[in-house]
Amino acid sequence: PVRLLRPILLFALVCGAADMYVLVHLVPNANQRFLVETYNLVAQRSEADIKPGLFYEGFPGKVLYVRDSRSDGGWTDVLLADTSQPGRPIVTLADRGYLQLDPEHRQVAIVLPGDSVRYLPGEEDGVYDTSHAKDFRVQIPAASVFGTPDIGRGLAEMSIAELRKAEAAKRAAGISPHPEIMQRHQMFSFPVACPVFALLGLALGVHTRKDGKLGGFALGIGVLFAYYGFFALFQNLTKGGHFPAEWARWVPDIVLGFVAIAALVSRTKRAGAAMTEPLRKSARSASLRSKTPAA
């Protein structure tokens, strides 16, 4: 088993290094890039869906109507109605307008540059008050663009430096930073699990009996359940404040690592005994034949 461990452990280390590269570098950047591309696609679709001569209701609580499109971008003769209050719309008229995209902050705004006139419902039904505005701007809710109120970097999109910064901000605000701490340690505990599973796989997979292969496979499935059982258990203990967040992601690796070493040592002893047993029997037979007197 020890000789078999060399190529298996080498393969596990390569997989662990690749896993660490994915978790530390690729996953945060890819997830954030996904959010940026989602913003660009949805924003472009929204701008293309606003057609002259048609009422556009794609933004919640807003109705937009433009008479024509400008050759340099934007629209002419714009009507923007705020319908968030049923029966009491606020109507804004402007000579021109455009849709402003902010890729850095992933926000969309309807901008009516220059002078615009607003019609606000008065105290009596059917009576409107008028007001004039300059460079009127309406921010579109982020949820209407992204489908979620959280468009910033979540834990899965944060790099190690960003996680540390979020930890410091939470500590300064008196909030427990355990999610950020566990996410940061998870980037390293998952790659370390690769050699741990390699040790366990070899220990459970080495059998001298044919029927032992199925048993090793069943034990392997049990090991996976045990790993994620410890994973979930200590995560919940950390959330409840009963376990340090720095060690929550390492407990499955530590526990299964000790089990793997013990199992591998046991398998090595059994394999050695199984290999030397035929030699012992041959030696005993030869010894008995040498002691038996010739007829």
Side-chain angles (χ1 to χ4, degrees), residues 28-159 162 165-166 169-170 172-173 175:
N29 292 336
N31 286 343
Q32 184 64 16
R33 184 64 182 174
F34 173 77
L35 292 180
V36 173
E37 291 300 328
T38 300
Y39 163 81
N40 292 333
L41 289 174
V42 176
Q44 291 173 8
R45 185 192 66 188
S46 300
E47 189 173 21
D49 288 344
I50 302 174
K51 301 183 183 301
L54 297 176
F55 288 95
Y56 179 77
E57 302 180 32
F59 301 128
K62 302 289 187 297
V63 177
L64 180 65
Y65 177 88
V66 298
R67 187 184 300 275
D68 200 359
S69 298
R70 296 167 58 93
S71 58
D72 57 349
W75 324 292
T76 58
D77 298 335
V78 181
L79 179 150
L80 177 63
D82 186 340
T83 59
S84 56
Q85 297 182 8
R88 297 174 61 84
I90 301 175
V91 180
T92 304
L93 300 178
D95 293 333
R96 58 192 181 95
Y98 60 90
L99 197 66
Q100 185 181 62
L101 309 179
D102 186 355
E104 182 178 355
H105 299 93
R106 296 177 300 280
Q107 294 179 350
V108 179
I110 299 174
V111 181
L112 305 178
D115 295 328
S116 59
V117 180
R118 302 192 71 196
Y119 295 89
L120 297 89
E123 298 181 356
E124 300 180 8
D125 293 338
V127 178
Y128 276 76
D129 298 328
T130 59
S131 66
H132 294 268
K134 190 175 183 62
D135 296 334
F136 185 70
R137 175 188 300 265
V138 177
Q139 291 291 137
I140 305 302
S144 67
V145 176
F146 293 94
T148 173
D150 182 12
I151 62 172
R153 281 184 179 253
L155 291 179
E157 291 84 39
M158 289 186 180
S159 63
E162 290 169 333
K165 184 178 180 180
K170 281 192 172 182
I175 304 173

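All residue numbers refer to positions in the sequence shown, counting from 1.
- Rounded to the nearest 0.5 Å, atoms CG (Leu80) and CG (Leu64) are 6.0 Å apart.
- Between Arg70 and Trp75, the shortest heavy-atom contact is CD-O, 3.4 Å.
- With sequence neighbours excluded, no residue forms a ring pair (Phe, Tyr, Trp, His ring centres under 6.0 Å) with Tyr119.
- Once rounded to the nearest 0.5 Å, the distance linking CG of Leu120 with CZ of Arg88 reads 9.5 Å.
- Between Ile110 and Leu99, the closest side-chain pair of non-hydrogen atoms falls below 4.5 Å.
- Atom CZ of Arg67 has 12 or fewer heavy atoms from other residues, nucleotides or ligands within 6.0 Å.
- Among all heavy-atom pairs drawn from Lys51 and Val66, the shortest one is O-CG2, 4.0 Å.
- Shown here for Asp135 and Pro113, the closest heavy-atom pair between the two residues is OD1-CA, 3.5 Å.
- More than 12 heavy atoms of other residues, nucleotides or ligands sit less than 6.0 Å from atom CG of Asp77.
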For Lys62 and Asp82: C-alpha separation, side-chain torsions, deciding distance, then whether side chain to side chain contact (heavy atoms under 4.5 Å, CB included) applies.
CA-CA 5 Å; Lys62 302 289 187 297; Asp82 186 340; 4.2 Å; yes

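- Going from atom CZ of Arg137 over to atom OG of Ser116 covers 12.5 Å, rounded to the nearest 0.5 Å.
- Once rounded to the nearest 0.5 Å, the distance linking CZ of Arg96 with OG1 of Thr76 reads 11.0 Å.
- Residue Gly97 comes nearest to Leu112 through the heavy atom pair CA-CD2, 3.9 Å, listed as atom of the first residue, atom of the second, then distance.
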